[in-house]
Amino acid sequence: MATGRSGTLRPARMWPRDVVRVGAVGLRTRPMRAFLSALGIAIGIAAMVAVVGISSSSRADLDRTLASLGTNLLTVSPGSTLTGDEAELPAEAEAMVGRIAPVRTVSAVGLVDGAKVYRNGRIPETDTGGIAAYAARTGLRSAVGARVASGTWLNEATGSFPVTVLGARAAERLGIGHAGPGTRVLIGGRWFTVIGILAPAPLAPELDTAALVGWPAARSRLSFDGHPTTIYTRSDDANVEQVAAVLGATANPEAPNEVEVSRPSDALAARQAAGEAFTGLLLGLGAVALLVGGVGVANTMVISVLERRSEIGLRRSLGATRGQVRTQFLAESLLLSALGGAGGAFIGTLVTFGYAFSQDWPAVVPAWAVAGGVGATLVIGALAGLYPAVRASRLSPTEALATP
């Protein structure tokens, strides 16, 4: 208590440091209960921060991939005829597409019908592993932005010989770890030497399960008919939409409605959008965990008020006002929630960095996610501690001291 100018007693003012010190009393005297209550808050915040961080890291990886591969890749493939049958691109479609002025790069692959791919001649005929044989142009790798993981790519010289380059998943299914002169596979009943293995191609996933053969070799050794099944084009970013508008009519002037034009980067963006929808679900689960943690804090504070009635009565009898008692318990609830929020934000950040490192992603934890998580805990702490604080402040000194 403090004495005023008129000689009357008035309650001493509590400074912020006093509020923090008094609010921490309950946490220090009951550390295990405080830890378990803070843990409930920490789990909810960690879940929310980790979900946002992992989603942001995944999005950053997609942006990095698109930046390296480009978003100006367009593909042309046959659609369906009016009768529902599979259409066919003209043999000269690739050359016609190459005459479009803004097109800078054009390449193609052609499916070799009936040419099954096997590791050796002892594999059952039905066990194809989903691997298809394609005739490929030498400029295909640069057109789709694919990388060679082992060996080398097809060129004008090797494209006429019985050699092949395997997609990443095709090599895995065939049990081939590296390319070399002694590594061969059966394609269409003929032996082909594996001179290269591609890394996964994000913008052309169909190549991952393909055995690629030079265009001349496919025609001379596998009876390839010369019709492309997918044409890949790149143009200036500013002209992509204009090129897409004329690709169908250019590739097949007689039946432009039987041509499908797509932009592979849009498929990646759609996959990311689906991932973001899943992220929303996980955020909802994190919010539920945070709510449960808030209920735990409220329960802890109510029990604390019941157990500390004598302490409250003593403080009131020594001159503490109802507002000061209310501030004490509200500060305790806020400290408990702040500890849980800070711990949860730290754990969520660690989880994000660990997962991003394991996936070779750039680790991104938005500042708003961390700040928002800690802010949410303070709001929950205030709401959870409001009722116990008000209840504590309403206890009269005589009633509280009389409680055993």
Side-chain angles (χ1 to χ4, degrees), residues 69-115 132-146 153-160 164-165 167 198 201-207 210-268:
L69 299 177
T71 59
N72 58 352
L73 177 66
L74 295 171
T75 64
V76 180
S77 56
S80 302
T81 63
L82 293 177
T83 58
D85 298 326
E86 185 177 354
E88 186 178 67
L89 293 176
E92 60 276 8
E94 181 186 357
M96 292 189 293
V97 168
R99 298 190 187 102
I100 301 175
V103 171
R104 296 289 177 262
T105 304
V106 61
S107 190
V109 295
L111 178 65
V112 183
D113 290 326
Y134 285 90
R137 297 294 190 185
T138 56
L140 175 66
R141 186 179 68 86
S142 59
V144 300
W153 176 246
L154 300 167
N155 54 42
E156 295 296 337
T158 58
S160 301
T164 182
V165 174
L198 294 178
L203 293 184
E206 64 275 8
L207 301 183
L212 303 169
V213 178
W215 204 278
R219 302 201 68 166
S220 61
R221 300 172 188 272
L222 299 175
S223 301
F224 174 54
D225 60 9
H227 289 272
T229 50
T230 304
I231 300 174
Y232 304 90
T233 71
R234 284 191 182 273
S235 54
D236 297 333
D237 291 340
N239 299 315
V240 171
E241 300 301 332
Q242 292 84 344
V243 172
V246 300
L247 269 179
T250 305
N252 192 352
E254 295 183 359
N257 59 303
E258 297 179 0
V259 178
E260 292 185 356
V261 178
S262 64
R263 191 172 181 176
S265 57
D266 290 343
L268 291 179

message = Counting C-beta onward and ignoring hydrogens, is there a side-chain heavy-atom pair between L74 and V103 closer than 4.5 Å?
response = no

State, yes or no, whether a side-chain contact exists between T138 and T158 at a heavy-atom distance under 4.5 Å.
no

On a heavy-atom basis, the closest approach of P90 and P228 is O-CD, 3.5 Å

To the nearest 0.5 Å, atom CG of L207 lies from atom CZ of R141 at 12.5 Å

- Heavy-atom check, side chain of P78 versus side chain of H227, under 4.5 Å: no

Nearest heavy-atom contact between L73 and A143 is CD1-O, 3.5 Å

Classify the side-chain pair T75/T230 by whether it contains a donor and acceptor separated by less than 3.5 Å. no

Distance col, row Q242:CD vs L247:CG, nearest 0.5 angstrom, shows 11.5 Å

The side-chain contact (heavy atoms from CB on, under 4.5 Å) partner of I100 among N239, V106, T233, V246 is V246

R104 side chain vs S235 backbone, donor-acceptor pair below 3.5 Å | no

Worksheet item: Are the side chains of L212 and W153 in touch, meaning some heavy atoms are under 4.5 Å apart?
Response: yes

Does the side chain of E94 come within less than 4.5 Å of R137's, by heavy atoms? yes

L154 and A136 have their tightest heavy-atom pair at CD1-CB, 4.4 Å

**Prompt:** With side chains defined as the heavy atoms from C-beta onward, is the minimum distance between Y134 and V213 less than 4.5 Å?
**Reply:** no

Taken to the nearest 0.5 Å, the spacing of S77 OG from E206 CD works out to 9.0 Å

All heavy atoms of A217 vs all of S160, minimum pair found to be CB-C, 3.9 Å

Could you tell me if the side chain of L89 sits less than 4.5 Å from the side chain of M96, heavy atoms only? no

What one should report as the nearest heavy-atom pair of P256 and P253 is CD-O, 3.5 Å

Shortest non-hydrogen pair, V112 vs A135, comes out as CG2-N, 3.8 Å

Close side-chain approach of L111 and D113, heavy atoms under 4.5 Å
yes

Rounded to the nearest 0.5 Å, the CZ atom of R234 sits from the OG atom of S142 at a distance of 8.5 Å

Per side-chain contact (heavy atoms from CB on, under 4.5 Å), Y232 is matched among V109, T105, L203 by V109

